[in-house]
Amino acid sequence: MNAAFALIARDVRLAWRHPNEIATILAFFVIAASLFPFGIGPEPQILARVAIGIVWVTALLACLMSLDRLFQAEVEDGSLDLLVTAPAPLELLALAKVVAQWITTALPLIVISPIVATMLHLPADGYATLLLTLVLGTPGLSLFGGIGAALSVNARRGGALLALIVLPLTVPILIFAVAAVDAAIAGLSPRPHLFLLAGLSVFALTIAPFAMAASLRQAAE
Amino acid sequence: MNWHRFASPSNFKRLSARIFPWAAGGAALCLGCGLYQALLVSPPDYQQGQSVRIMYIHVPAAWMAMFVYANLALAGAATLVWRHPLAEVAGRAMAPIGAAFTFLCLATGSLWGKPMWGTWWEWDARLTSVLILFFVYLAYMALNNAFDDATRGARASAVLALVGAVNLPIIKFSVDWWNTLHQPASVMRLDGPAIHPSMLWPLLAMGVGYTLLFVVLALVRIQAELIERRLGALVQARLSAEPAA
Amino acid sequence: MSDYFAMGGYAVYVWTSYALTAVVLIGLGISSWRRLRGLEADLAAFEREDAP
């Protein structure tokens with residue numbers, strides 16, 4: 001357990017020391033989202049209708065971009081073997097890597113998401129629920145992404161492959177997150193959708209550590 | 001029973017030679033009868049008219065899309081639990097067959113949807129779920145091919161097959177739910193009316209025919225994969241022997 | 001006869017579906033079979049070279 005916390009602390013410190021990486025991801029998030037008005041026109045009513053979908057899909061893609069490198073540093077400097085042979089269970093260490101990734105990528109994305117939502121004219125009733133869905137849903141994204149990252153360690157075309165593996169698995173998260181915000185905007189209770197969203201993240205938590213550990217062991221062989 | 005002995009190309013070839021004629025003959029017989037019934041004997045539907053004949057190749061393709069995926073997941077489990085080489089090549093050999101059936105399900109669904117719905121693509125719950133299943137097949141094949149070491153590719157894609165197997169029911173549920181939220185109620189569904197025996201028999205014949213065809217294709221492709229692995233091992237052995245000579 | 005092939009106005013959809021299915025499945029069968037034959041020949045050639 002201490003090893004896991006030490007790993008999280010190390011990764012967060014590393015990210016803190018290299019703010020360029022997270023700045024790039026955040027810039028991607030803002031730029032990709034601001035392309036949509038050029039694609040579909042600036043009418044506030046149309047943008048308001050699709051705002052939540054754009055925010056969520058671009059946040060998902062931004063999250064995915066940072067996952068590409070989740071285990072790459074360990075592979076390149078050879079410390080993957082250390083992780084695999086460490087006395088602490090590999091499942092826990094892999095989970096710690098994902099937690100660190102969530103803190104360093106998803107959290108900043110959540111913080112700036114209201115700005116992007118404002119640019120897209122998200123109705124005022126949706127903001128609180130938007131933040132809640134991101135807080136509940138992004139752990140699931142990071143966990144599924146962690147599976148994809150562990151599977152594509154040392155693979156050819158790693159980045160595109162990661163997207164191909166992870167995107168289909170994230171469909172339920174996207175569906176319930178957007179539905180929750182739509183419900184809030186329509187004046188309905190978003191709670192059932194939020195529960196389902198939290199359930200999906202918990203479900204991801206139950207399978208991802210094992211899938212990641214299995215793939216990392218294969219990669220280290 | 002020692003399953004490892006089937007993993008050698010010659011043993012699998014012997015096993016395959018015993019099954020192959022029966023599977024191929026059965027497939028030809030079932031598909032022949034099924035097509036005859038589907039195209040000539042079965043009546044047109046009172047609502048969908050002659051277009052209902054697409055059902056006889058669309059619905060069995062949907063069954064196969066799921067059936068082959070179940071096989072892929074089983075092969076994945078066998079790969080990870082027993083590290084069995086036959087399971088490894090089986091997954092690699094079966095995935096393109098499953099992807100082909102899934103593609104056919106989507107394409108014939110689209111061709112059936114155009115006259116029925118008036119559009120080539122409707123975000124109907126079933127079609128959408130099958131589309132995602134198709135994406136998972138593509139991911140499986142890409143991952144399987146992404147490594148220089150065949151074993152690593154097989155094991156990584158085995159993990160993906162299992163992760164997909166537990167996720168697909170959840171995806172199916174969420175897509176169904178999403179669809180009822182957004183779908184206008186008037187759309188006619190592709191599952192059509194309650195099925196009459198005159199339509200059920202050709203449908204079942206086609207289903208059995210597709211399954212046997214899958215067996216035939218899988219046997220051929222598994223043999224090819226086994227030989228390719230053996231060739232790879234022989235080339236490796238020769239390359240490592242050469243510097244000494 | 002031509003009445004039958006017209007499929008009550010759905011000819012394009014019905015026959016395209018059947019043709020596509022036939023092309024994909026037969027194509028998969030032929031390509032799988034040819035790959036197996038090719039690999040078998042390669043293996044035989046390799047083993048002949050190794051034998052003496």
Side-chain angles (χ1 to χ4, degrees), chain A residues 53 140 143-180 182-183 186 188 192-193 196-197 199-204 206-221, chain B residues 69 73 76-77 79-81 83 88 95 99 102 123 125 128-183:
Chain A
L143 287 162
F144 281 127
I147 299 178
L151 283 173
S152 54
V153 163
N154 284 337
R156 293 189 289 261
R157 299 175 299 272
L161 186 63
L162 178 72
L164 198 55
I165 295 171
V166 176
L167 289 179
L169 301 179
T170 59
V171 167
I173 296 178
L174 194 59
I175 287 176
F176 289 116
V178 171
D182 276 342
L188 304 168
H193 311 137
L196 283 166
L197 194 59
L200 288 172
S201 282
V202 171
F203 166 73
T206 58
I207 60 165
F210 302 102
M212 285 189 288
S215 346
L216 290 175
R217 282 198 192 95
Q218 294 162 8
E221 259 175 29
Chain B
Y69 194 87
T79 300
L80 294 174
V81 176
R83 312 215 140 190
E88 288 180 9
T102 315
W123 289 93
T128 311
S129 301
V130 174
L131 181 68
I132 294 173
L133 178 61
F134 185 58
F135 293 158
V136 175
Y137 271 115
L138 293 184
Y140 182 97
M141 291 193 289
L143 188 61
N144 200 313
N145 280 313
F147 299 94
D148 295 324
D149 175 18
T151 304
R152 165 98 167 96
R155 290 191 186 150
S157 51
V159 172
L160 179 62
L162 292 177
V163 170
V166 290
N167 265 292
L168 283 168
I170 295 176
I171 293 173
K172 174 89 177 77
F173 162 75
S174 62
V175 168
D176 279 348
W177 183 89
W178 164 79
N179 191 253
T180 47
L181 192 71
H182 292 282
Q183 194 65 248

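Every heavy atom of this structure was used, including side-chain atoms; hydrogens, water molecules and symmetry mates were not. So you know, we letter chains A, B, ... as the sequences are listed, proteins then strands, and number each from 1.
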So which residue, [options], ends up with the most heavy-atom pairs under 4.5 Å with chain A?
options: B/Leu138, B/Ile171, B/Val175; answer: B/Ile171
options: B/Asp148, B/Thr151, B/Leu162, B/Val136; answer: B/Asp148
options: B/Leu133, B/Ile170, B/Asn145; answer: B/Ile170
options: B/Leu160, B/Asn167, B/Leu168; answer: B/Asn167

For residues [X] and [Y], report the shortest heavy-atom separation together with the two atoms involved.
X: A/Pro209; Y: A/Ala204; result: CD-O, 4.1 Å
X: A/Gly145; Y: A/Leu162; result: O-CD1, 3.9 Å
X: B/Tyr140; Y: B/Ala161; result: CE1-CB, 3.7 Å
X: A/Phe203; Y: A/Thr206; result: O-OG1, 2.5 Å
X: A/Leu143; Y: A/Ser201; result: CD1-O, 3.9 Å

Given heavy-atom pairs under 4.5 angstrom as the criterion, report whether the side chain, backbone, both or neither of [X] touches chain B.
X: A/Ala219; answer: both
X: A/Val153; answer: both
X: A/Leu200; answer: side chain
X: A/Phe144; answer: side chain
X: A/Ile165; answer: both
X: A/Leu151; answer: both

Side chain, backbone, both or neither: which part of [X] has a non-hydrogen atom closer than 4.5 Å to chain A?
X: B/Leu80; value: side chain
X: B/Asp149; value: neither
X: B/Phe173; value: side chain

Under a 4.5 Å cut-off applied to non-hydrogen side-chain atoms, are [X] and [Y] in contact?
X: A/Val178; Y: B/Trp178; answer: no
X: A/Ile147; Y: A/Val166; answer: no
X: B/Trp177; Y: A/Phe176; answer: yes

Donor-acceptor pair, distance only, cut-off 3.5 Å: does the side chain of B/Arg152 make one with the backbone of B/Ala146?
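The answer is no, because no donor-acceptor pair under 3.5 Å joins these two groups.
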